[in-house]
Number of protein chains: 2
Amino acid sequence: MKKLSRKERERIARRELIIDTAEEVISNYGFEGATMDAVAEKAELGKGTLYLHFKSKASIYLAICERGSKKLNQLMSKVLAEDLKGIDMIKKLGMVYLDFVKTYPIYFSAFNYYENLIGEEKLAGSELAAQCEEYAREAMAYIVRALQVGMQDGSIKDSYDPRELGLIIWGASKGVVHIAFLKEKKEHMKILDDVSFSLESLVKNFIELIGSGMRSDDHKS
Amino acid sequence: MKKLSRKERERIARRELIIDTAEEVISNYGFEGATMDAVAEKAELGKGTLYLHFKSKASIYLAICERGSKKLNQLMSKVLAEDLKGIDMIKKLGMVYLDFVKTYPIYFSAFNYYENLIGEEKLAGSELAAQCEEYAREAMAYIVRALQVGMQDGSIKDSYDPRELGLIIWGASKGVVHIAFLKEKKEHMKILDDVSFSLESLVKNFIELIGSGMRSDDHKS
DNA sequence: TCAAAATATGACCAATAGTCAGTAAATGAA
DNA sequence: TTCATTTACTGACTATTGGTCATATTTTGA
């Protein structure tokens with residue numbers, strides 16, 4: 001048992017090494033520009049070895065996506081554990097997401113990559129894709145939970161269906177952060193150059209905007 | 001002059017044919033799966049001919065993106081011409097966008113494709129990319145204009161900066177429609193299966209939500 | 001009528017994802 | 001320790017596909 005355990009640990013370490021290296025290469029060359037040969041060389045492994053751990057290039061990207069989802073969910077779960085009004089939980093979830101994107105831009109890119117794959121087979125029947133989906137479901141559950149808390153404590157209107165509202169908040173948050181994020185990557189997107197607001201300002205105002213839309217009347221300022 | 005004009009028309013027709021065919025092939029095989037050979041064959045042209053009109057595969061995708069932007073902007077400009085309260089213009093712009101995405105899903109995909117390219121060179125110095133950017137800027141201008149109308153006619157709070165609010169609305173709308181759109185592509189995204197709302201319902205509620213956030217107090221129900 | 005210019009073509013090239021036959025290392029029984 | 005067997009690794013090779021270019025075809029206009 002000990003022996004198997006060590007082998008298992010080594011196997012996992014190899015896998016992690018590959019993912020680490022892939023993140024590094026992608027950071028330097030982008031998702032398009034990163035090649036399997038480059039990853040193999042940087043990890044000091046033969047290319048074939050990569051394929052012992054991942055069945056395709058897309059799989060590695062999904063693994064990165066999985067890492068990111070896991071990390072984000074950990075951060076979100078902490079917010080849920082705090083003693084806050086529902087409306088403030090929602091706000092804090094928004095800020096946590098913004099912070100996450102700024103701290104780990106590569107995971108944000110990986111999420112987009114993943115979403116673009118949906119619908120184009122490739123990830124059909126993939127273990128990793130299923131895991132990513134599960135994490136996404138979990139993240140969604142946190143948002144819905146916070147909304148329910150808010151409806152319970154009276155800080156959020158209960159005229160919306162929490163699941164539908166959750167989906168809206170999730171989508172809208174991603175959209176706003178996405179657009180703010182594009183702005184940070186200089187070059188192009190001159191539309192954004194006209195607007196001189198920071199990512200923070202944008203997200204805070206967004207949270208404020210939807211916040212005042214969903215806040216129950218007896219909590220309005 | 002007549003001769004040159006005819007040649008010019010033929011040249012444009014060829015170009016349009018290629019874009020039409022590319023749209024068709026992409027619809028069948030996805031952006032990843034579509035190959036230049038497939039487009040050439042379907043258009044009954046030699047592959048080299050494609051490169052007389054477009055300098056790369058990405059260029060064709062950008063051309064599709066440009067078409068879509070143009071179309072969307074036409075639809076948006078009509079809304080601006082209507083005699084509506086600013087807040088209702090914003091709502092209508094949202095519905096127009098939703099309708100656009102449902103009617104021309106390929107353009108929505110093309111937009112996403114375009115955005116993913118931003119930052120990864122490839123479209124540096126591209127004529128088409130510049131045109132797409134210009135259209136995006138124009139779309140943004142419509143939203144800002146509608147907000148200004150609303151602030152003027154009193155239907156929208158003037159405590160926000162219209163440009164910042166415009167960016168938020170634009171990003172959030174895209175995010176919500178995006179997530180609702182993923183739902184339509186069956187398979188995967190089980191998170192969304194839990195939620196049985198239609199794209200319409202989602203977008204309407206979203207518009208309602210941000211609407212009540214930005215509506216000026218003397219217009220509140 | 002025909003030479004020159006413009007246009008079209010597909011065989012070819014380069015890059016890269018993915019494979020596999022062969023090699024090396026680890027294991028564990030004798 | 002030895003060696004057969006299993007496991008892990010490798011990089012040369014294949015297949016696919018975006019992009020090029022020498023050649024062929026068509027159009028032009030003198």
Side-chain angles (χ1 to χ4, degrees), chain A residues 1-19 21-22 25-26 28-64 113 117 120-126 128, chain B residues 1-19 21-22 25-26 28-64 113 117 120-126 128:
Chain A
M1 208 58 205
K2 180 83 191 312
K3 185 170 48 190
L4 179 71
S5 175
R6 201 206 67 216
K7 280 190 104 171
E8 201 54 26
R9 268 183 286 125
E10 279 178 357
R11 185 172 177 76
I12 290 171
R14 263 283 189 283
R15 199 187 137 90
E16 293 298 304
L17 168 67
I18 293 171
I19 303 177
T21 310
V25 173
I26 289 169
N28 291 335
Y29 303 101
F31 273 85
E32 291 283 312
T35 68
M36 294 300 269
D37 287 281
V39 173
E41 192 183 2
K42 191 127 196 170
E44 295 179 82
L45 292 171
K47 180 154 69 153
T49 307
L50 300 187
Y51 287 89
L52 293 178
H53 293 267
F54 298 94
K55 79 174 212 303
S56 70
K57 189 182 180 187
S59 290
I60 297 183
Y61 288 177
L62 282 184
I64 292 172
Y113 177 84
L117 282 188
E120 312 210 356
E121 12 274 276
K122 259 193 176 179
L123 42 70
S126 155
L128 280 165
Chain B
M1 207 57 205
K2 181 84 191 311
K3 185 169 48 188
L4 179 71
S5 176
R6 202 205 66 215
K7 280 190 104 172
E8 202 54 25
R9 269 183 285 122
E10 279 178 357
R11 185 172 179 76
I12 290 170
R14 263 284 189 285
R15 199 188 138 91
E16 293 298 304
L17 168 66
I18 292 171
I19 303 176
T21 310
V25 173
I26 289 169
N28 290 335
Y29 303 101
F31 274 84
E32 291 282 313
T35 68
M36 294 299 269
D37 287 279
V39 173
E41 191 183 1
K42 191 127 197 168
E44 296 179 80
L45 293 171
K47 179 154 69 155
T49 308
L50 300 187
Y51 287 89
L52 294 178
H53 294 266
F54 298 95
K55 78 175 212 304
S56 69
K57 188 183 180 185
S59 289
I60 298 183
Y61 288 177
L62 281 184
I64 292 173
Y113 177 84
L117 281 187
E120 314 210 352
E121 13 273 276
K122 257 191 176 179
L123 42 70
S126 155
L128 280 165

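Not measured: the values here are computed from a predicted model.
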*asked:* Just the rounded figure in Å: distance from C1' of D:dG18 to CD of B:Glu32.
replied: 13 Å

*What are the two closest non-hydrogen atoms of B:Phe31 and B:Tyr61, and how far apart are they?*
O-OH, 2.7 Å

*Within the pair B:Thr35 and D:dT17, is there a side-chain N or O less than 4.0 Å away from OP1 or OP2?*
no

*asked:* Less than 4.0 angstrom between a side-chain N/O of B:Arg11 and OP1 or OP2 of C:dA6, yes or no?
replied: no

*What pairs with A:Phe54 under ring pair (Phe, Tyr, Trp, His ring centres under 6.0 Å), at least two apart in sequence or on another chain?*
none

*D:dA8 phosphate, OP1 or OP2, under 4.0 Å from A:Arg14 side-chain N/O*: no

_Separation between CD of B:Glu16 and OG1 of B:Thr21, rounded to the nearest 0.5 Å_ = 10.5 Å

_Distance check needed: D:dT10 C1' versus A:Ile18 CD1, whole Å only._
13 Å

*Choosing from D:dC9, C:dA17, C:dA8, which nucleotide comes nearest the side chain of A:Leu52?*
D:dC9

*Just how far, in rounded Å, is P of D:dG18 from NE2 of B:His53?*
18 Å

*May I have the distance from B:Leu50 (atom CG) to D:dG18 (atom C1'), rounded to whole angstrom?*
11 Å

*Between D:dT7, D:dG18, C:dG18, which one does the side chain of B:Tyr51 approach most closely?*
D:dG18

*Interface residues of residues 39-46 of chain B with DNA chain C (non-hydrogen, below 4.0 angstrom)*: B:Leu45, B:Gly46

*Applying side chain to side chain contact (heavy atoms under 4.5 Å, CB included), run through A:Asn28 and A:Lys42 and close with a yes or a no.*
CA-CA 12 Å; A:Asn28 291 335; A:Lys42 191 127 196 170; 4.3 Å; yes

*asked:* In this structure, how many angstroms lie between the C1' atom of D:dG18 and the CZ atom of B:Phe31, rounded?
replied: 17 Å

*asked:* Check this for me: does the side-chain of B:Lys47 come within 3.5 Å of the base of D:dG19 through a donor and an acceptor?
replied: yes

*Near B:Glu44 CD, under 6.0 Å, is it more than 12 heavy atoms from other residues, nucleotides or ligands?*
no

*asked:* Restricting to non-hydrogen atoms, name the atom on B:Ala34 and the atom on B:Val25 that form the minimum distance, rounded to 0.1 Å.
replied: CB-CG1, 3.8 Å

*asked:* Using side chain to side chain contact (heavy atoms under 4.5 Å, CB included), reason through A:Arg14 and A:Leu45 one step at a time and then give a plain yes or no.
replied: CA-CA 10 Å; A:Arg14 263 283 189 283; A:Leu45 292 171; 3.6 Å; yes

*Between B:Gly48 and A:Thr49, just flag the one whose closest nucleotide in DNA chain C comes earlier from the 5' side.*
B:Gly48

*Starting at OH of A:Tyr29 and ending at P of C:dA15, how long is that distance when rounded to a whole Å?*
15 Å

*asked:* Expressed as a whole number of angstroms, how long is the span from B:Met36:CE to C:dT9:P?
replied: 14 Å

_Atom-to-atom span, CG of A:Asp37 to C1' of C:dA14 - whole angstrom_ = 13 Å

